[in-house]
Participant: 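Below you'll find the structure I mean.
Both ligands and their constituent atoms are indexed starting at 1 by order of listing. We number each residue from 1, following the sequence as shown. Note: hydrogens, waters and symmetry copies are ignored here, and every other heavy atom, side chains too, is used.
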Amino acid sequence: MPSIVISGGQWGDEGKAKITDLLSNQADFIIRYQGGANAGHTVSTEAGLFKFHLIPSGILFEGKICIIGPGTVIEPSFLIKEIEDLKNKNINLNGLKISPLASVTMPWHIAIDKATDTVGSTGRGIGPTYTEKAKRSGVQIYDLLNRNYLENKLTKILPKQNQTLRQIHDLPEYKLEEVLAEYLNYGEILKPYIADTINDLHKGRKSGKNILFEGAQGTLLDITFGTYPYVTSSTPVSGGACVGSGMGPTSIDKALGVFKCFSTRVGDGPFPSELEEKSVEAVKLRQDGTQWAEFGTTTGRMRRVGWFDTVLARYAVKVNSLDYIAFTKIDTLDAFDEIFICVAYMHKGTGEIVQDLPYAAADYLRDFEPVFQSVEGWKENTHGVRDWDKLPEKAKNYINLLSQIIETPVAILSTGPKREDSIILANIF
Ligand code: IMP
């Protein structure tokens, strides 16, 4: 039975949650492998609209095991609120499992993130939590279950942290006893969900269960492969599924990349195919209905918008080893007379035209300008279309052209926020 990894092909917000939700039905395990509450997903079902940050949206299906994996970072009070919100909507959380290895975001991480941000972060403490992990002084979920472990770590961390907070950032200090009591209490609340996720996954794999690895953010926000330094601090690419779950590469069978039919970005950093914020096209791309509007689920910030960039998509296909693509939000393009596609980059110095990039670091990307090709818009409704044959010819041509340029077959085309608003072109599981 296959294991599939879903990752974002662009700068996050590609609509991964919708695709994950669609495939979750066929999965037995769904695991988030990186990131934290910087991610935000909205899933629309008959029961209403659900917003997720840390918990895999597969929890909406009965009987699925939904894991918050070892590679993630968790702000406990935030997770507890997410759990409570779902319980209040009568969602059964018996399948929720939290890895004891996940890193814990402490209150000073959030304070420092807000005080030192240079990339337009989500302000959720993600960067400072991963920094602490890499410095080998981080608190992990298992610490919250053991007073000695947590006290030992806090005794080492807090004096230095308080000094930094006070002297460098002019921020309030934290008292060890108070932090200890608060975080042990979080441990108590989360205890029923903290589980041996590594053995659970491996047993699942051995007994033929389907496993879905759910990436957050996207390829171009990857700490190594993204538009560095305008990136997040984790590994959203498909390979992150291994380091963030406890399963090696031979346990993952296929990789699906999710792309919007255009591009968006929140936060700072280069965006070669970006449209000028107030241009008619940008406003049109952004104003496509309340549920789908281009504002971040996590921060409510306005997303920057632009045309589909095949150069970056070709790069994403490689660094994720994508077998399939899922395209989302085709309906957003319904009203356009003309649709542009970034088909190549031109080097600003040499005039050289390239289709393949060796890397996508911010400084390097700024040396190029996009080369666009335009196609005629279909000017017909695709919203909610559920059959490929019922799509306008020009819409089919647009999708086929993108698929051809990025040399990857399309498995799913999403035509709206509802589960059913989907065209399945290949069965991945
Ligand atoms: P951080 O992950 O909060 O440290 O933010 C780093 C960069 O990643 C910023 O530009 C954020 O806007 C961006 N980012 C983080 N999470 C998401 C996401 O889920 N969707 C889109 N952008 C994100």
Side-chain angles (χ1 to χ4, degrees), residues 6-20 32-43 51-57 68 71-75 78 82 102-103 105-106 108-134 138 214-237 240 244 257-260 262-271 274 286 292-306 309 312 316 328-329 360-362 365:
I6 298 182
S7 56
Q10 296 156 313
W11 282 282
D13 308 320
E14 298 92 350
K16 291 180 294 296
K18 151 82 191 271
I19 305 300
T20 309
R32 256 290 293 278
Y33 57 82
Q34 46 69 234
N38 48 350
H41 307 314
T42 309
V43 177
K51 285 192 190 256
F52 291 94
H53 292 283
L54 273 155
I55 300 174
S57 56
I68 304 178
T72 61
V73 298
I74 297 175
E75 201 283 283
F78 200 90
E82 199 170 328
S103 296
T105 296
M106 303 302 286
W108 48 87
H109 294 140
I110 296 174
I112 290 173
D113 192 13
K114 289 182 177 156
T116 60
D117 174 47
T118 53
V119 300
S121 86
T122 58
R124 291 281 158 86
I126 307 298
T129 312
Y130 277 115
T131 304
E132 190 98 69
K133 176 179 180 177
E214 177 183 352
Q217 290 84 46
T219 303
L220 300 166
L221 290 174
D222 186 280
I223 182 93
T224 306
F225 299 104
T227 52
Y228 192 88
Y230 299 95
V231 291
T232 189
S233 308
S234 66
T235 306
V237 295
V258 185
F259 293 78
K260 266 180 197 157
F262 51 102
S263 306
T264 65
R265 169 164 211 170
V266 268
D268 305 336
F271 182 175
E274 182 170 18
R286 230 179 266 118
W292 272 124
E294 290 301 345
F295 296 88
T297 309
T298 301
T299 57
R301 289 179 293 176
M302 190 172 71
R303 292 181 189 152
R304 298 156 63 191
V305 295
D309 184 333
L312 290 175
T328 63
K329 294 198 175 187
L365 272 193

Participant: Does W11 reach ligand 1, in the sense of a heavy atom lying below 4.0 Å from it?
Facilitator: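 Right, W11 reaches ligand 1.
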Participant: Please identify which atoms of ligand 1 are closer than 4.0 Å to at least one heavy atom of D13.
Facilitator: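 The list of qualifying atoms is 20 (N), 21 (C).
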Participant: List every atom of ligand 1 that sits less than 4.0 Å from any heavy atom of V266, numbering the atoms from 1 in the order shown and giving each element.
Facilitator: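 What qualifies from ligand 1 is 10 (O), 12 (O), 21 (C), 22 (N).
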Participant: Working note: R286 + T264, criterion side-chain contact (heavy atoms from CB on, under 4.5 Å); need CA distance, chi angles, decisive distance, verdict.
Facilitator: CA-CA 9 Å; R286 230 179 266 118; T264 65; over 6 Å; no
Participant: Tell me whether ligand 1 is touched by R301 - counting only heavy atoms on the residue side and a distance under 4.0 Å.
Facilitator: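 The answer is yes, since R301 has a heavy atom less than 4.0 Å from ligand 1.
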Participant: Is it the case that more than 12 heavy atoms not belonging to Y228 sit under 6.0 Å from its OH atom?
Facilitator: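 12 or below, so no.
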Participant: We want to know whether D309 and S263 form a side-chain donor-acceptor pair, criterion being a heavy-atom distance below 3.5 angstrom.
Facilitator: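 D309 vs S263: no donor-acceptor pair found between side chains.
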Participant: Which atoms of ligand 1 sit under 4.0 Å from any heavy atom of V119?
Facilitator: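 Numbered from 1, ligand 1 contributes 6 (C), 9 (C), 10 (O).
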Participant: Please determine whether any non-hydrogen atom of D117 lies less than 4.0 Å from an atom of ligand 1.
Facilitator: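 Per 4.0 Å heavy-atom rule, D117 does not contact ligand 1.
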Participant: Look only at the side chain of R265 and the backbone of W11, and say whether a donor-acceptor pair between them is shorter than 3.5 Å.
Facilitator: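 Checked: no pair found.
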Participant: Any N or O of D113 that comes nearer than 3.5 Å to an N or O of ligand 1?
Facilitator: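 No, D113 has no N/O under 3.5 Å of an N/O on ligand 1.
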Participant: Testing the basics here: between S234 and Q217, what is the closest heavy-atom pair and its distance to 0.1 Å?
Facilitator: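 It is OG-OE1, 4.1 Å.
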Participant: Does ligand 1 have any atom sitting under 4.0 Å from a heavy atom of A39?
Facilitator: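 Distance cut 4.0 Å: A39 passes for ligand 1.
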Participant: Given D268, V231, T264, identify the one with the heavy atom nearest to atom 6 (C) of ligand 1.
Facilitator: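 That would be V231.
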Participant: Check this for me - ligand 1, R265, N or O atoms closer than 3.5 angstrom, yes or no?
Facilitator: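 In this structure, R265 places no N or O atom under 3.5 Å from an N or O of ligand 1.
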Participant: Backbone N or O of D13 within a donor-acceptor pair of the K260 side chain at under 3.5 Å?
Facilitator: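 Side chain of K260 to backbone of D13, a donor-acceptor pair under 3.5 Å: yes, one is there.
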Participant: Check the angle between the aromatic planes of F78 and H53 and answer parallel, tilted or perpendicular using the 30° and 60° thresholds.
Facilitator: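 Answer is perpendicular, since the angle exceeds 60°.
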Participant: Kindly write out the residues that satisfy side chain to side chain donor-acceptor pair (under 3.5 Å) with Q10, not counting sequence neighbours, or none if the list is empty.
Facilitator: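 Testing Q10 for side chain to side chain donor-acceptor pair (under 3.5 Å), a comparison that skips the adjacent residues, returns none.
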Participant: Considering only heavy atoms of G267, which atoms of ligand 1 have at least one such atom less than 4.0 Å away?
Facilitator: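 Answer for ligand 1: 10 (O), 12 (O).
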Participant: Relative to the heavy atoms of G120, which atoms of ligand 1 are at a distance of less than 4.0 Å?
Facilitator: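 Going through ligand 1 atom by atom, the ones under 4.0 Å from G120 are 9 (C), 10 (O), 11 (C), 12 (O).
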Participant: Measuring from E82:CD to I74:CD1, what's the distance to the nearest 0.5 Å?
Facilitator: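 So the CD of E82 and the CD1 of I74 are separated by 10.0 Å.
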Participant: Roughly how far apart are D113 CG and T131 OG1, rounded to 0.5 Å?
Facilitator: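 Nearest 0.5 Å value for the CG-OG1 distance: 9.0 Å.
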Participant: Can you find a non-hydrogen atom of R124 under 4.0 Å from ligand 1?
Facilitator: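 Checking ligand 1 against R124, which is what was asked, there is no heavy-atom contact under 4.0 Å.
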Participant: Who's closest to atom 23 (C) of ligand 1 heavy-atom-wise, of I223, L221, N38, L220?
Facilitator: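 The option holding the nearest heavy atom is L221.
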Participant: Using distance alone, determine whether Q217 and ligand 1 share an N or O pair under 3.5 Å.
Facilitator: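 Yes.
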